[in-house]
Number of protein chains: 2
Amino acid sequence: MRVSGERRGAGGATAAAVGAQVRQRRLQRGMSAAELARRAGLSKATLSGLEAGTGNPTIETLDAIALALHIPLTDLLARDTDAGPVHVLATEPERDGPTRELLRRVGGGHTLELWRLRVPPHTSLDGLPHAPGTVEHLVVGSGALTAGPGDDLRELRHGDLLAFAGDRPHLYRTGEEAADITVVIASPVVG
Amino acid sequence: MRVSGERRGAGGATAAAVGAQVRQRRLQRGMSAAELARRAGLSKATLSGLEAGTGNPTIETLDAIALALHIPLTDLLARDTDAGPVHVLATEPERDGPTRELLRRVGGGHTLELWRLRVPPHTSLDGLPHAPGTVEHLVVGSGALTAGPGDDLRELRHGDLLAFAGDRPHLYRTGEEAADITVVIASPVVG
DNA sequence: ACCATACGTTCAATATACCGAACGCGCAAG
DNA sequence: CTTGCGCGTTCGGTATATTGAACGTATGGT
C-alpha cells in the first residue's frame, strides 16, 4: 500500500473515518487524548496522528484503543452510524445481469445490513458467507426463486420470507421468472 | 506496541483471529493466496504472514483484503457464535385494505423486526413510534408512496430505501399507485 | 507576575509492516 | 524424465508506523 509522492501522507478514507470515530468516542467520555494514549499504552503522537486521520494504524493499535475505550473493535470501523436524520437512497438504474447492491449498514459493530438483489431469469448467484452467527433474512419483493444454504434450498414466491444462518455458502437461483429481493443481514455484536 | 525479544514475532490474539478469518473466507471462495494478494494489491509475502497470524497488519491492508473478498471490513474481525436453522414463512393470501404483517422478530442482543406492508392506492397508514434509538428502514418493493416522520415526508418509488429514527410518529401514504414495502425495525441494545 | 502542570501537536530516531525476489514444492504437458 | 507454471513460504531492503522528546498554549496555585 505504498502511496507515492507523500511521506507520512494522509491515509485512506478508512483511516480518516476511524480517526473521527475515535475522537468522537473519546470526547463522549470526556477523556483527554493524553489520558487515552496512556491507558492504551500508546504514545500521544500516535494517537494525535490517528485522530487527525493521518497515517495508517495497525490492528494492535486500534485494538488497544478499543480496549481502553471499552468498546468493541468493530465499533471503531463503523462508517455509518445511525444517529442521523432521515436518509434516502435511490437505487441504481436497471442494468443487465444480476445486481447486488448494499443499501445500508447500521448499528454499533455493524449489526445490520440491507441489500437489494435483482436476479434475472435462469441465473444462479451465490451468496457470500458472512460472519458466524449471522442471520440472513430474505424477503421476496417480486418474482420467484430458489434460495437458501446449499444443503437446504427452498422455493420462494412473491411475498415469502426465508431466514437462515448466513455463515454458510448459500445460493439464489431463478427459473423462468426474475426475482427482486431484499436481504437483511443481522450480525451479532462482538468485540 | 513494541513486543520485546522477538523480531517479526507472532502478533496479538487479534491478529491471529483476523488471519484465520481471512484464510477461511478466501478458501470458501476457492481463491488462491496468490490471487487474493494480486486482487488486493498486496504482496504474497504480506498475505502469507497475515494468514499465519504473524505480524500486525495495518488498516489499509485489511481494507484492501476486505474489498477484494467483497465483504465488509468488520467481518474480518468477527468472532464465533452459533447459527440458527432455516425457516420459511409464507405470506397470507392477498386481501382488501392495507395489510401490516409481522414476518419475523429476533431478539439476540438487539431486537429486529421484519414487517411487510401492503398499502392500496389513496390510503394513509400511520406507524407507531418505537423505542428511542430505534431505526426504521423501509425498502420499497413495488409501487410508490410518501413516507417518513411527520415533519419530513419523502417521495419514494420502487427500489428506494428510506431510513429514519423510528421513535417519532411517522406515516405511510399512497397516491395513485399501491405500494408493497418491507420494513425493518432495529432497536439497539441499551448500554 | 511567576512557576508548575497538563494538554495537543510536531520533530528525529527507531522498530517494523510491507515489498520484490528467490526458494522448494506439486502438478500437468511435452 | 524434463520442463514449465502456479502455488505458498522464507529471505534482505525499503518505506513507514510508532516512539520519546521538544514545542507552544492554556489553566491554576502561590
Side-chain angles (χ1 to χ4, degrees), chain A residues 1-20 22-69 73 76-77, chain B residues 1-12 14-20 22-69 73 76:
Chain A
M1 268 302 118
R2 221 150 278 197
V3 181
S4 61
E6 44 186 355
R7 177 187 162 77
R8 202 157 308 202
T14 308
V18 169
V22 169
R23 175 161 286 175
Q24 182 189 327
R25 300 305 190 101
R26 172 173 69 79
L27 293 177
Q28 275 177 354
R29 243 146 276 228
M31 194 183 298
S32 76
E35 185 175 344
L36 177 54
R38 229 175 294 125
R39 294 203 197 192
L42 301 172
S43 71
K44 288 191 294 175
T46 300
L47 186 58
S48 179
L50 200 163
E51 287 194 356
T54 248
N56 177 15
T58 66
I59 235 196
E60 281 193 13
T61 301
L62 292 177
D63 209 13
I65 291 174
L67 191 63
L69 286 173
L73 173 53
L76 294 181
L77 304 170
Chain B
M1 268 301 124
R2 220 149 278 197
V3 181
S4 61
E6 43 186 355
R7 177 186 161 78
R8 203 160 305 204
T14 308
V18 169
V22 170
R23 175 161 288 175
Q24 181 188 328
R25 299 306 189 99
R26 172 173 70 77
L27 293 177
Q28 276 178 351
R29 235 144 288 214
M31 194 183 298
S32 76
E35 185 175 345
L36 177 55
R38 229 175 293 125
R39 295 202 195 191
L42 301 171
S43 72
K44 289 190 296 174
T46 301
L47 186 60
S48 179
L50 200 163
E51 286 194 355
T54 250
N56 178 16
T58 67
I59 240 195
E60 279 193 14
T61 301
L62 292 178
D63 211 11
I65 291 174
L67 190 64
L69 286 172
L73 173 53
L76 295 180

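Labels below follow one simple rule: chain letters A, B, ... track the order of the sequence lines, proteins then strands, and each chain is numbered from 1. Only heavy atoms go into these numbers, but all of them, side chains included; no hydrogens, no water, no symmetry mates. All values derive from a computational prediction rather than experimental measurement.
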Atom pair CG (Leu67(A)) and OG1 (Thr14(B)), whose distance is rounded to the nearest 0.5 Å
9.0 Å
On DNA chain D, more 5' by nearest nucleotide between Glu51(B) and Pro57(A) is Glu51(B)
Are any side-chain N or O atoms of Arg29(B) and backbone N or O atoms of Leu69(B), one a donor and one an acceptor, separated by less than 3.5 Å?
yes
What is the distance, rounded to the nearest whole Å, between atom NZ of Lys44(B) and atom P of dA22(C)?
12 Å
Atom CZ of Arg39(A) and atom P of dA6(C): how far apart are they, to the nearest Å?
15 Å
I need the CG-C1' distance between Leu62(B) and dA17(C), as an integer number of Å.
12 Å
Taking 4.0 Å as the cut-off, does a side-chain nitrogen or oxygen of Thr46(A) come that near to OP1 or OP2 on dT19(D)?
yes
Rounded to whole Å, please give me the gap between CG in Leu36(A) and P in dT9(C).
13 Å
Should Ser32(B) be listed as having a side-chain N or O under 4.0 Å from OP1 or OP2 of dG6(D)?
no
Rounded to the nearest angstrom, tell me the gap between atom CD1 in Ile59(A) and atom C1' in dA17(C).
13 Å
Should Ser43(A) be listed as having a side-chain N or O under 4.0 Å from OP1 or OP2 of dT18(D)?
no
For the pair made of CG in Leu50(B) and P in dT9(D), what is the distance, rounded to whole Å?
12 Å
Please name the pair of heavy atoms, one in Ala33(A) and one in Leu47(A), separated by the smallest distance, quoted to 0.1 Å.
O-CD2, 3.2 Å
Candidates dT19(D), dA17(D), dG20(C) - which lies nearest the side chain of Ala45(A)
dT19(D)
Check whether any side-chain N or O of Arg26(B) sits under 4.0 Å from OP1 or OP2 of dC7(D), and answer yes or no.
no
Taking only side-chain nitrogens and oxygens of Thr61(A), does any of them come within less than 4.0 Å of OP1 or OP2 of dT18(D)?
yes
Just the rounded figure in Å: distance from P of dC7(D) to CG of Leu27(B).
13 Å
Between atom CG in Leu42(A) and atom P in dG8(C), what is the gap in whole Å?
14 Å
For the side chain of Asn56(B) and the backbone of Thr58(A), is there at least one donor-acceptor N/O pair under 3.5 Å apart?
no
If you compare every side-chain N and O of Arg38(B) against the phosphate oxygens of dC7(D) (OP1, OP2), does one of them come in below 4.0 Å?
yes
What's the separation between atom CD1 in Ile65(B) and atom CZ in Arg26(B), rounded to the nearest 0.5 Å?
10.0 Å
With a 4.0 Å limit, can you tell me whether Ser48(B) has a side-chain N or O closer than that to the phosphate oxygens OP1/OP2 of dT9(D)?
yes
